[in-house]
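Written out below as C-alpha cells is the structure these notes cover.
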Amino acid sequence: MSRPSLLAAALVLATGAAARADLTVAGTFRYVDRTFTFTGGFTGAEPTLPIRLATVQVIDDATSAVLATGATDENGAIALAVAGSGTKNLVVRCFSRSNQFGAQALRVTSAGNVEYSVSSATFAGWDLAADLDVGTVTAQKVLFGGFQGSPFNMLDQMVAGLQYAKSLGAANAPSSLRMIWPGGSGSFASGSTATMADDDGFDDVVQLHEFGHVMHNVYSDSDNPGGSHGFGESDQDPRLSFGEGYASFFAGAVQKFRGVANPGFYMDCSGTGATGAGSIQLRMRFEDGFPLTNTTGGEADEGAVFAALWDVVDTTATNDGIAGDDDALDGIPFANGASGDQVAWNVLVGPVDAAPNATIRDFWNGFFLPADAGNGSELKAAFEAWKMRFAADSTEPNDAPAAASPLTPAAAWSAIRTLYAPAAGQLGPGDGDADFYSFVLTAGTAFDVETRYPNGVADAQTYADPRVTLLRPNGSTFLTQDGGGTGRNALIAGAIADATGTWIARVDTASAFRKTGSYQLRVQVTAGPVAGCTAPVAASASFGAGKAGAGGTPTLQAVAAPVVGGTLTLALGGGPANAAGLLLVGTVAVDLPFDGGHLYVSPLALLPIAVGPSGSTSFGVALANPATCGLSVHTQLLFAADPGAAGFYQTSQSARLTLTFGG
Amino acid sequence: MLAPTRASFAAALALALLSGARATRSGAEASLVRGCKPAGPARIEITSLGFARGEATLQYSVTPTIAAARLATEVGAGSGSALLSHSEARGVDLAAGTTLAGSARVRLATGARAVEVAAVVEFAVADGTTEVQRAVLRLEVPGAAPEPELQAALSGGSTSLEVPAERSGGSRR
C-alpha cells in the first residue's frame with residue numbers, strides 16, 4: 001500500500017471534528033482523454049489524465065454517510081483521513097466538481113444540474129484500523145446520443161482556466177462557475193455558465209473558448225451582443241469580435257500556460273468518435289491565421305483579435321506550429337517586468353471592465369491607460385499586421401482646416417488613412433481624430449466625395465464608420481454625410497460647388513463604439529463648370545424697403561446661393577393669408593412711385609403666386625446652363641387688395657431682389 | 001448499493017432528461033447569451049421541416065461565409081437511418097454570401113435523435129493548398145426517446161450521474 005505524501009495529506013478535509021483519524025484512504029483518479037492535433041484532428045490516442053483538484057468523498061456504502069471529504073491533488077491522488085472504528089463498506093467517489101478555489105465551486109453538470117461522479121469499487125467490511133488504497137480509478141468516456149465526452153475533461157479545462165487567471169493575480173471566482181454537458185446542438189456561454197454541445201465533449205479548445213466567455217463575464221464585463229459568427233468574417237459587430245476573439249485567445253493562453261505541446265490554435269472536431277483529419281470541422285492557427293490568413297483582418301474580425309492578442313503572449317519558444325515568432329514582442333518583458341499574459345489580464349479586468357461597448361480598441365487603449373504597459377511600438381506592429389491600425393497615418397497632423405492635407409480631385413483613392421491621432425510622443429490612446437483634406441473647386445463644378453474600406457474590400461476589414469463634412473472656402477458647412485456609401489461609408493454624390501476656392505473635407509466618426517478605424521477617401525469632379533460662365537453663382541442684392549400689409553412686409557429671397565446649372569429656389573413670405581399675389585420678373589430695374597410705395601421692376605413676366613395661411617410659399621426654377629450666364633434678374637412681389645395695406649389698390653410690396661449670374 | 005456501471009449512469013442520465021431538465025434555451029435565457037462557439041464556414045438555414053411517419057422532410061439553404069472553391073451538403077440521421085432523397089445544395093467557385101437551396105427526405109431509424117445537415121466547404125489557402133471545413137446544423141427529432149440502453153436502465157438513480165470506470169491496483173483483502 002502506498003503512503004500518502006505530506007502534500008497530499010494537506011489537502012484533506014476530514015469530516016467529524018472530534019473524531020480521531022484511524023485510517024487514511026489513498027488512491028488515484030484519472031479520466032480517459034482524447035488527443036487531437038492541429039493537422040490530424042482526433043488522433044485516436046486515448047491516454048488517461050489525472051482528475052485534478054476534484055472533490056472526493058469517502059462514503060459508507062451501507063448508509064450513504066459521508067465519512068470524509070477531500071480533493072484530488074494535481075496528480076489525481078487522494079489521501080483522506082477517516083475517523084472511526086470497526087468495519088464499514090467503503091466506497092470513494094470523485095465528483096465533477098472542485099472546491100479548491102475558495103468558497104465558490106467549479107462544477108460540471110448535466111442540463112438537469114446533476115454533477116457527475118466516478119467511484120472506486122466498494123470495499124465491503126473494511127476494518128477502519130487499516131489504511132485503504134482504492135487503487136487507480138479511471139473514468140471512461142461517456143456516450144450520449146452518438147457522441148462522446150467526459151465531464152472530468154471539462155472540469156480540467158475549468159481548473160486550468162482558473163489556475164491561469166490566479167497565476168496572474170486573480171482572486172477566486174465570486175460565484176460558482178458551471179459547465180453543462182450534454183447541452184444540445186450548440187455550445188454557448190451566459191453569465192457564469194458555459195453549455196457545451198453534445199458534439200463538443202472532448203473539444204478542449206471549444207470548452208476553453210466558452211470558459212473564456214465565462215471568465216470575461218465574471219472577472220470583467222462583456223458587451224458581446226451574441227449571435228452567430230465565424231472565422232474569415234471581418235465585418236462583424238466589433239463588440240462581438242472582441243468578445244469572441246478574447247475567448248479564443250483565452251483558450252490558447254490557457255493551453256500555453258498548462259504546457260500542451262501546441263497551444264496555438266482553435267479547433268472544433270466531430271464528437272462522434274471519428275478520428276483523423278476528417279474529424280476536423282473548423283480550425284484556425286493563431287500565429288498566422290492559417291487557413292484564413294488573407295481574409296482575416298481588422299477590428300471587427302474575431303480572428304484578427306485573437307491573432308493579435310496571441311502575439312502579446314507568445315514567444316519564439318512557443319510551439320504554435322510556426323518556427324520562431326512573427327512579431328517583435330517575443331516575450332520581452334513589459335513595464336515593471338510584466339509578462340504579456342499579465343498585461344493582457346490586467347487590461348481585461350481594468351480598462352475593458354470599465355469600458356461601455358468594449359471592442360478591441362478598448363483593449364488597445366488599456367495598454368496605455370491608466371498606465372503605459374510599455375512595448376508600444378512592438379504592440380503597434382503586431383496589431384497592424386492584422387490590419388488593426390491603431391496608429392497615426394502619414395498625413396497627421398491634419399486635425400484642423402489650416403492643417404488640411406492637400407488632395408487632388410481624381411478617380412484614384414487616397415492611401416489608407418486612420419481615424420487615430422495620439423498626442424505627440426504617444427502611441428495611444430488616439431480616439432477622436434478628425435482628418436481634414438483640402439481641394440480646389442470652381443463654383444458650378446459637380447463633384448462627389450466618398451470614403452471606402454481599405455482597398456475597397458467587400459468584407460470591410462475595418463470597423464470604421466466614416467462621416468464626411470464639406471466646408472466651403474469661407475468655412476461654412478456645405479453638407480455633412482454619415483452614410484450613403486458602401487456599407488458604413490459616406491458618399492456625397494452630385495454636389496455642385498457654390499463657391500470658388502479651397503474646399504475642405506473633414507472625415508471623422510459619430511459612432512459610439514467604432515471610434516477609430518481605417519478608410520480611403522477621394523474627391524471626383526463629375527462635371528466641370530461650362531466654359532464662359534466663369535462665375536455661375538448668383539450674387540444677390542436687395543433694394544428698397546417695401547410696403548407693409550396684413551402679413552407684414554412681403555419678403556423675397558433665394559434659398560441658398562443659386563448656381564447656374566442648378567435650381568433657384570425662391571422663398572416668398574409676408575403676404576396676407578391665403579392670398580393671390582404677383583411676382584414681377586424682369587431684366588430692367590426701375591424705381592417708380594406706385595400705390596403709396598414703389599415699383600422696382602419693369603416686368604417681362606408677371607407670375608401669379610398663391611400663398612397659404614401663413615402668407616408664404618416657395619418654388620424652384622431651373623437655371624439653364626449656360627443660358628442663364630451673364631443675366632441680372634430683378635424680382636418683386638406684390639399683393640393687391642391686401643386688407644392691411646394702404647393705398648388705392650391696397651398693395652403690399654416687397655423690396656427688389658436682384659440675382660446676378662456672372663459670366 | 002448497486003455497483004456503478006454504465007447502465008446506472010445511463011439510468012441517472014435518462015432520469016435527468018425525462019425530468020424535463022433537458023437544456024433548452026428559453027427566450028429569456030437566450031437573451032442573456034453573451035458568446036457562443038465559432039460556426040463553420042457556411043450558414044445553414046432550414047426553410048421547411050416536417051417529421052411524419054418515421055421520416056423527416058426538410059428544405060434548407062446553405063450560404064458560404066467565405067469564398068468557396070467547392071461546396072457540398074450532407075444530410076443524415078445517424079446509424080440505421082436512410083437518406084431517401086436529396087436534392088443537394090452544391091456548387092463550385094462560389095462567392096461568399098451566395099445562397100444555394102436543397103431538400104432531403106430521411107427515413108429515421110428507431111430512436112434517431114437528430115437529423116444533421118452538414119455543409120462541406122472547400123476553399124483555397126494562401127499557400128496554394130485547399131482546406132475543407134464543415135458547418136453542421138443539428139435538428140433534434142421531436143419526442144425522441146433516450147437511447148434504448150438508457151430506457152432499459154431506469155431503475156437506477158443517484159444524486160450524481162455515475163460515469164463508468166475501470167479500476168486497477170489498490171488494497172486487497
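Quick note on labels: first sequence line is chain A, next is B, and so on, each numbered from 1. Just so you know, these numbers use all the heavy atoms, side chains as well, and skip hydrogens, waters and symmetry mates. Small disclaimer: the values here were computed from a predicted structure and weren't measured.
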Classify the ring geometry between [X] and [Y] as parallel (under 30°), tilted (30 to 60°) or perpendicular (over 60°).
| X | Y | value |
| --- | --- | --- |
| A:His209 | A:His213 | perpendicular |
| A:Trp181 | A:Tyr116 | tilted |
| A:Trp126 | A:Phe123 | perpendicular |

Enumerate the salt bridge (charged side-chain N to carboxylate O under 4.0 Å, His left out) contacts for residues 41-63 of chain B, please, sequence neighbours excluded, ordered by first and then second residue.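 Qualifying pairs: A:Glu233-B:Arg43, B:Glu55-B:Arg105.
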Pick one of side chain, backbone, both or neither for B:Glu166, based on which atoms fall under 4.5 Å of a heavy atom in chain A.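 Its backbone and side chain both get close to chain A.
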Answer with side chain, backbone, both or neither: which region of B:Val121 has an atom nearer than 4.5 Å to a non-hydrogen atom of chain A?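 Looking at B:Val121, nothing touches chain A.
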I need the residue from A:Ser228, A:Gly243, A:Gly278, A:Gly230 with the largest number of non-hydrogen atom pairs under 4.5 Å to chain B.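 Option with the greatest count: A:Ser228.
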For a quick check under 3.5 Å, do A:Gln236 and A:Asp301 share a side-chain donor-acceptor pair by atom type?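 Not at all, the side chains of A:Gln236 and A:Asp301 share no donor-acceptor pair under 3.5 Å.
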Contacts with chain A made by residues 63-73 of chain B (heavy-atom distance under 4.5 Å), listed by residue number: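 Listed by number, the contacting residues are B:Thr65, B:Ile66.
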Of the backbone (N, CA, C, O) and the side chain (C-beta and beyond), which part of A:Ala247 lies under 4.5 Å from a heavy atom of chain B, both, or neither?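 Interface part for A:Ala247: neither.
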Can you list the residues that meet the side-chain hydrogen bond (donor to acceptor under 3.5 Å, both in side chains) rule with A:Glu210, with sequence neighbours excluded?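 A:Glu210 satisfies side-chain hydrogen bond (donor to acceptor under 3.5 Å, both in side chains) with no other residue.
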Which pairs pass ring pair (Phe, Tyr, Trp, His ring centres under 6.0 Å) with one or both residues in residues 53-92 of chain B, sequence neighbours excluded?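 For residues 53-92 of chain B, and leaving out neighbouring residues, the ring pair (Phe, Tyr, Trp, His ring centres under 6.0 Å) pairs sorted by first residue read B:Tyr60-B:His86.
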